[in-house]
Each structure stands twice: as structure tokens, then as C-alpha cells.
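Here's the structure we're looking at; comments come further down.
The basis for the numbers below is simple: all heavy atoms, side chains too, and nothing from hydrogens, waters or symmetry mates. Predicted, not measured: the structure shown is a model, and the values here were computed from it.
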Amino acid sequence: MACLSTTYSASTHSHHYHLHSSTRKPIASLSLLSSSPSITLSSLKCLRSSSSSFFSNQKLQRRSMSHTISVGRIAVVPTCFASNTDQLKSAKEDIKVLLKTTFCHPIMVRLGWHDAGTYNKNIEEWPQRGGANGSVRFEIELKHAANAGLVNALKLLQPIKEKYPGVTYADLFQLASATAVEEAGGPKIPMKYGRVDVSEPEQCPEEGRLPDAGPPTPASHLRDVFYRMGLSDKDIVALSGAHTLGRSRPERSGWGKPETKYTKDGPGAPGGQSWTIQWLQFDNSYFKDIKEKRDEDLLVLPTDAVLFEDPSFKEYAEKYAVEQETFFNDYAESHAKLSNAGAKFDPPEGLSIDDGSANGVPEKFVAAKYSSGKD
């Protein structure tokens, strides 16, 4: 957790204060010396609460805490949040370096999506409702068929997590996903942070919440999955456009060729079949290539082809094929919606790492707050 620093003027008397958690255990002590006219609370640390230990499954347990210390007529309120904004900013820079050296953009996008894509708007309780909560790091969820290969993304990010323990797994996965899109030439996504992690594998969602690549009725299947998350037809098509990045590997998904002329030499590990020629460049070529279907070395899944077959999907797909700016704008909005849906934020309004401030006004979580159906 991160603590806000507060500066206040001390009185001319010497004071000694103890901050206590709900269990009455002292966690910090502040000595205000009469020789110091002002004190800066810049190093308060928050208790990582756990019934028996500070650590559980390589994760610091976090609990929000706010205490008021009265000094004369000025109140000091050190407040702790799920993630530390300074560490988030530094982690983003390290992720940029990782992307440049390993070309892992596609799998980072996939990791963020698969942690968030378990959301069910019909379930009010957290974490049962799913969403981005870091649960995909647990082995039981990693073994879900749709998550095949994601262990490689976790291995790449684990050193960054260890370097920045003040960043939750849920935030780290979403930060990596959004940064990968941006660094590949895609739009800047209006992200917010402060997601709370689940703490144990028993909190993982059941298998079957993520979309399949080749269902019998692709349009109905996509709507079943994405409407359950409160997303719309426009969101479905816009998010599908992220397949402009990456490759499908038959040993993981059962789809695609072992290699093509576009993937046999990498970059990164060679092989697989891509949807686009420049599969590390985020642009609107996915829609152009799916529409044309002229290159046998480019992948077209049933859930891709349906975007130009279903009348509602086709309206957006046709537009994105010719208007990249429109696609970028809609994609950025849809990515943020997917990333936020169902997540538990601390503070409730989330945190921004663009200006160091919160992104909005606290609001009560409403499970079905997003529209479903066509925009």
C-alpha cells in the first residue's frame, strides 16, 4: 500500500503519538519535537495485515487505513492505498524496457485481458464477480485451457513485482497490458490504478468465463461472454482489433499454423500464425486483412470472420478498416472498460499515474453499470 504524505505545523510542545490498527497493535510512532516548526510525514508505512504472517503466496496483504492525528488545529490524515503511484510509474518504465528487449507485447495484452475478462456483472460480491484482481497468478487459474502459455508472461513480470512490492499484481498486469498497446504504436489508454488483489487460490473464478476461438455460433458466443461483462457490440469489435498484435500457437490454443513466412524468424520465439503481417505493430490492419482474407499465412478464426458477417458487428468492423483514428479512440475506451469492470479499487475512485492524483469521484459499485447490446 502507498501512504500519502502530509505536512503540518507542530505546536511548541513535545508530543508522542501511536497509530493503531483495528487490532490495537502499534504500527508507527511519531515524535514531534519542539525544535521542529514543521514535520513531513513522508515515510509512514502501512501494516500488511494477515492473520498469521505478513506474506502469503508472495503477496503483501493490504488493508486500507486512515487515521487522524490532531496537532493544534490541523488534522493529519495519512491514507494508504492498494498501490504506490511512484512505484507504478517506475514499474511502467521497467515494463517499457522489457517490451523492447523481449518483444512480449502480445502476451502482456493477453495477460491483462485474461485477468480482467472473468468479470460477471450479475454477481455483486467481490471477488466472486471476477474482474482484474490478480487471480490469474495462481496455478489453479493458470491451468485453465484459455490461459495456456500465460505462465511465460508471469515469469517476465515477477522480477518487476519483486522490485516494486508496493504495486498489486492486478495493477501490474493491467499496467503491462496498456503499456504494451501504447509501446506498439497504439492509443494511450485512460487507465486508473489501485486494484486490490485476491489473496488465495480459493478466490479464483471457475473455468469457462473467457471466450473460445471456435464456438459453433461465434456471434452468440461473443455476445454471451462480453455482455456478461457489461460490454457492447462496439466493445466486442474494438477489442477484437487487438489481434493486430501477436500470434496463435497451435500447441497452446489448437488454432493456427506451427509457423508462417511472417513468424518463422521471430522476433522473440519463432513460430505460430499471426493475424497481421506486422504483428508487433498496433494499427487497424487486422480489420483490413480479415475483410480481404487473401493471405493464407494470416489467421482468421471463426470469431474473427463473424465480425464481417454479423450485421451489427460489421457496422463497426467496416468503419475501423478505413478509419484508424476511430478504431484507436474506441479501442482505448473499451480497453479501459474491460480493465476496470469488476475490479475493487482502493481508493474507490482509483489512482492516476499521469498526474499523481485520483481519477474521479468515489462511486458505489453497481454490478450492471455498463450497457449491454449494441451502442
Next item on the list: Could you give me the CA-CA distance, side-chain angles and deciding distance for Asp354 and Lys188, then say whether salt bridge (Lys or Arg N to Asp or Glu O under 4.0 Å) is met?
Entry: CA-CA 11 Å; Asp354 293 325; Lys188 182 172 179 59; 3.5 Å; yes
From [X] [atom1] over to [Y] [atom2], what is the distance, rounded to the nearest 0.5 angstrom?
| X | Y | atom1 | atom2 | answer |
| --- | --- | --- | --- | --- |
| Asp304 | Leu222 | CG | CG | 9.0 Å |
| Leu175 | Tyr193 | CG | OH | 4.0 Å |
| Glu207 | Thr118 | CD | OG1 | 12.5 Å |
| Leu301 | Ser253 | CG | OG | 7.5 Å |
| Ile140 | Cys204 | CD1 | SG | 6.0 Å |
| Asn284 | Glu325 | CG | CD | 11.5 Å |

Next item on the list: Give the intermediate values and the outcome of side-chain contact (heavy atoms from CB on, under 4.5 Å) for residues Leu307 and Tyr320.
Entry: CA-CA 11 Å; Leu307 300 183; Tyr320 297 156; over 6 Å; no
Would you say [X] has more than 12 foreign heavy atoms packed within less than 6.0 Å of its [atom1]?
| X | atom1 | answer |
| --- | --- | --- |
| Lys257 | NZ | yes |
| Gln278 | CD | no |
| Ile277 | CD1 | yes |

Does [X] use its side chain to pair, donor to acceptor, with the backbone of [Y] at less than 3.5 Å?
| X | Y | value |
| --- | --- | --- |
| Thr263 | Gly272 | yes |
| Asp197 | Thr168 | no |
| Ser232 | Asp235 | yes |
| His221 | Asp212 | yes |
| Arg137 | Gly134 | yes |
| Thr85 | Ile353 | no |
| Asp310 | Phe313 | yes |
| Asn84 | Gln87 | yes |
| Gln203 | Val198 | no |

Note, [X] side chain near [Y] side chain (heavy atom, < 4.5 Å):
| X | Y | result |
| --- | --- | --- |
| Ile236 | Leu231 | no |
| Phe345 | Asn340 | yes |
| Pro211 | Thr303 | no |
| Phe103 | Leu280 | yes |
| Cys104 | Leu99 | yes |
| Leu298 | Ser274 | yes |
| Val225 | Arg209 | no |
| Leu157 | Leu98 | yes |

Next item on the list: Is it possible for you to say whether Ile107 and Tyr262 belong to one hydrophobic cluster, with membership spreading through side-chain heavy-atom contacts below 4.5 Å?
Entry: no
If I compare all heavy atoms of [X] with all of [Y], which pair ends up nearest, and what's the gap?
| X | Y | answer |
| --- | --- | --- |
| Ala184 | Gln281 | O-NE2, 3.5 Å |
| Ser248 | Trp255 | OG-O, 2.9 Å |
| Gly185 | Phe328 | O-CE2, 3.4 Å |

Check: Which residue pairs pass the side chain to side chain donor-acceptor pair (under 3.5 Å) test with at least one member in residues 93-104, sequence neighbours excluded?
Finding: Glu93-Lys96, Asp94-Lys163, Asp94-Tyr164
Note to self: Taking the six-membered ring of Tyr169 as reference, does the cationic atom of Arg195 (NZ for Lys, CZ for Arg) lie under 6.0 Å from its centre and within 45° of its axis?
What the structure shows: no
Carboxylate-amine/guanidinium contact [X] [Y], below 4.0 Å:
| X | Y | value |
| --- | --- | --- |
| Lys261 | Asp295 | yes |
| Glu182 | Lys92 | yes |
| Lys291 | Glu318 | yes |
| Arg110 | Asp115 | no |
| Arg129 | Glu125 | no |

Next item on the list: Show your reasoning for whether side-chain hydrogen bond (donor to acceptor under 3.5 Å, both in side chains) applies to Asp233 and Ser312.
Entry: CA-CA 7 Å; Asp233 283 1; Ser312 178; 2.6 Å; yes
Next item on the list: Assert yes or no for the condition that the ring centre distance of Phe327 to Phe287 is strictly below 6.0 Å.
Entry: yes
Check: Does the separation of the ring centres of Tyr331 and Phe282 fall below 6.0 angstrom?
Finding: yes
Notebook entry, point to check: Going through the distances and angles, do Asn152 and Arg252 end up as a side-chain contact (heavy atoms from CB on, under 4.5 Å)?
Noted result: CA-CA 12 Å; Asn152 298 312; Arg252 295 179 186 172; 3.4 Å; yes
Check: Does the pair Glu139 and Lys143 meet the rule for a salt bridge (Lys or Arg N to Asp or Glu O under 4.0 Å), with working shown?
Finding: CA-CA 6 Å; Glu139 184 178 8; Lys143 287 184 175 180; 3.2 Å; yes
Please determine, by modelled atom types, if [X] and [Y] share a side-chain donor-acceptor pair under 3.5 angstrom.
| X | Y | answer |
| --- | --- | --- |
| Asp283 | Thr244 | yes |
| Asn329 | Thr326 | no |
| Asp297 | Thr260 | no |
| Ser339 | Gln174 | yes |

Next item on the list: Would you sort out whether Ser135 and Glu141 count as a side-chain hydrogen bond (donor to acceptor under 3.5 Å, both in side chains), showing the intermediate values?
Entry: CA-CA 7 Å; Ser135 63; Glu141 188 169 342; 2.7 Å; yes
Next item on the list: Start with the C-alpha distance between Leu245 and Trp279, add both sets of side-chain angles, then the distance that settles side-chain contact (heavy atoms from CB on, under 4.5 Å), and finish with yes or no.
Entry: CA-CA 5 Å; Leu245 296 178; Trp279 48 269; over 6 Å; no
Margin query: For a side-chain contact (heavy atoms from CB on, under 4.5 Å) check, start with the C-alpha distance between Glu183 and His105, then their side-chain angles and the critical distance, and finish with the verdict.
Written below: CA-CA 8 Å; Glu183 290 296 295; His105 305 67; 4.2 Å; yes
